[in-house]
Structure formats: C-alpha cells, structure tokens
Amino acid sequence: AHGELAGLGDSRFAAFGDGIIHVTAWSAPLVAALAVGLWCMAYPWRRAWLLPVAYAIAVGAGADQGAGAPLTPALGTLVVATVVLLGLLVYGTRLLPIIVALVIVVAFGAVHGYSHGAQAGAVTFRDYVIGAAVATLGLSIAGMALGLMLRIGSRFGMRVAGAAIAAAGLWFAFGSR
C-alpha cells in the first residue's frame, strides 16, 4: 500500500520539476525573469514587489491558456522580443507609472507562460505550471537582489545589466542559429 501511495506523488513532483527546469534551462525565460527583478528595483520597495509577483502569476495564467497550443515561430519571436524590450527597460531605468509597468510585465509574462504551456507535453499540467511560476518568481527575486546590489554599489550597473540583457535577447534572435 505504501508503494502505491508513493507512486501517486511521483508524477506530480516530476511535473513540478519539469516546470522548474523548463524555466531555468531555457535561456530566454531565465533572462526575462531576472530582468523583471532588475527592473522592479528602479521602483520604491512599496511598489517594486508587485512586478515580479504579477509576472509570475501571468506566466501561470499564460501557461494555462497555452496548454496544447501549437508552438509557432511567431511565438518564439515574441518571447525573444520581450527579452530585448526588458533589457531596454532595465537600461533606461525610467520610472513608468506603476500601472504601466504592471501591464508590461503581465503582457510579457503571459507570452512566456503561453510558450511554456505550449511546450508542456504530457505531464501533470497543474504541477508543471506551478513549477514554472515558482521558478519564475525565484529568478525574479534573484534579479531583485542583483538590482539592489547594482543600485547601491554602482552608478552605471543597471545600464550595463540592461544592455547585457538586450544583447542576450538579440543573440537569442540572431546569433544562436
């Protein structure tokens, strides 16, 4: 009986792990989540945390919408474009109104999530999405830590990071073929 109960959780943990691995092993979602964390540190702390949380929720919701959808070249282009644009937002470190920043990260998160959903395959989908959202939030928090260090320790650190993120996005689009 114990073996049967243990077997019930294996597929759920595997799906959760697949979601985490999908986000952390594929360059574009990893860089995008870090970029969201970096960008949010341009805002006062009272509002900064909203961006990574909204982004992770949008990734989960987008994945739900993308479940079973075909993975098209246009979707890949959109994912890479979000990385370039996030890099430019980090580079500029301009404070857009928080509602505009939220709309941007929710839209970008939905694109990334849709892509994750389309690539999910035959796994326990809910657990896969939770894993992807948790990994996304964790990477965004890591980006926040990096952004805080760059704000405190370097005058041009955010600009350098933003330029590197945008360059990575361009490399994903043109250099990795």
Side-chain angles (χ1 to χ4, degrees), residues 15 18-43 50-94 96-123 125-126 128-144 146-147 158-159 161-177:
D18 284 347
I20 290 172
I21 289 169
H22 181 78
V23 172
T24 58
W26 191 39
S27 303
L30 185 148
V31 172
L34 285 171
V36 168
L38 276 164
W39 185 37
C40 82
M41 292 314 293
Y43 289 88
L50 292 169
L51 298 180
V53 170
Y55 184 72
I57 290 170
V59 165
D64 188 51
Q65 294 300 309
L71 191 60
T72 64
L75 182 57
T77 301
L78 272 174
V79 166
V80 169
T82 65
V83 174
V84 173
L85 292 171
L86 282 166
L88 294 174
L89 289 167
V90 171
Y91 177 84
T93 59
R94 291 189 174 256
L96 299 173
I98 193 70
I99 192 71
V100 173
L102 282 166
V103 167
I104 290 169
V105 299
V106 165
F108 289 3
V111 167
H112 281 264
Y114 191 90
S115 173
H116 297 327
Q119 296 174 53
V123 297
F125 190 72
R126 185 193 72 184
Y128 171 85
V129 170
I130 292 170
V134 166
T136 297
L137 185 59
L139 287 167
S140 293
I141 291 169
M144 291 173 76
L146 180 59
M158 291 291 272
R159 289 187 181 271
I165 291 165
L170 291 172
W171 185 81
F172 298 152
F174 303 111
S176 61
R177 293 182 182 172

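Contact between Ser115 and Leu75 at its shortest, heavy atoms only, is CA-CD2, 3.7 Å. Here the closest heavy-atom approach between residue Gly169 and residue Val80 is recorded as O-CG1, 3.1 Å. Looking at every heavy atom in both residues, Leu50 comes nearest to Leu102 through O-CD2, 3.8 Å. Of all non-hydrogen atoms in Met144 and Met41, the two that sit nearest each other are O-CG, 3.3 Å.
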Please evaluate residues Leu85 and Phe108 with respect to the criterion side-chain contact (heavy atoms from CB on, under 4.5 Å), reporting the C-alpha separation (whole Å), side-chain torsions for both, the decisive distance (0.1 Å), and the verdict. CA-CA 10 Å; Leu85 292 171; Phe108 289 3; 3.8 Å; yes
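The shortest distance between side-chain heavy atoms of Pro52 and Leu137 falls below 4.5 Å. Taking the side chain as every heavy atom from C-beta outward, Leu30 and Leu139 approach each other to under 4.5 Å. You'll find the side chain of Val105 reaches within 4.5 Å of the side chain of Trp39, heavy atoms only. Side-chain contact between Ile165 and Tyr91 is absent, with no heavy atoms from C-beta onward closer than 4.5 Å.
Partners of Ile57 by side-chain contact (heavy atoms from CB on, under 4.5 Å), not counting sequence neighbours, listed by chain and number: Val53.
Side chain of Thr136 to backbone of Ala56: no donor-acceptor contact under 3.5 angstrom is found. Of the possible donor and acceptor atoms, one in the side chain of Tyr43 sits under 3.5 Å from a partner among the backbone N and O of Leu96. The closest donor-acceptor contact from the side chain of Tyr128 to the backbone of His116 lies under 3.5 Å.
We find the OH-SG distance between Tyr55 and Cys40 to be 12.5 Å, quoted to the nearest 0.5 Å.
Listed by first then second residue, pairs satisfying side-chain hydrogen bond (donor to acceptor under 3.5 Å, both in side chains) with a partner in residues 102-113 read Thr82-His112, not counting sequence neighbours.
Test Ile141, Leu38, Leu34 against Leu146 for side-chain contact (heavy atoms from CB on, under 4.5 Å) and you get one pass: Leu38.
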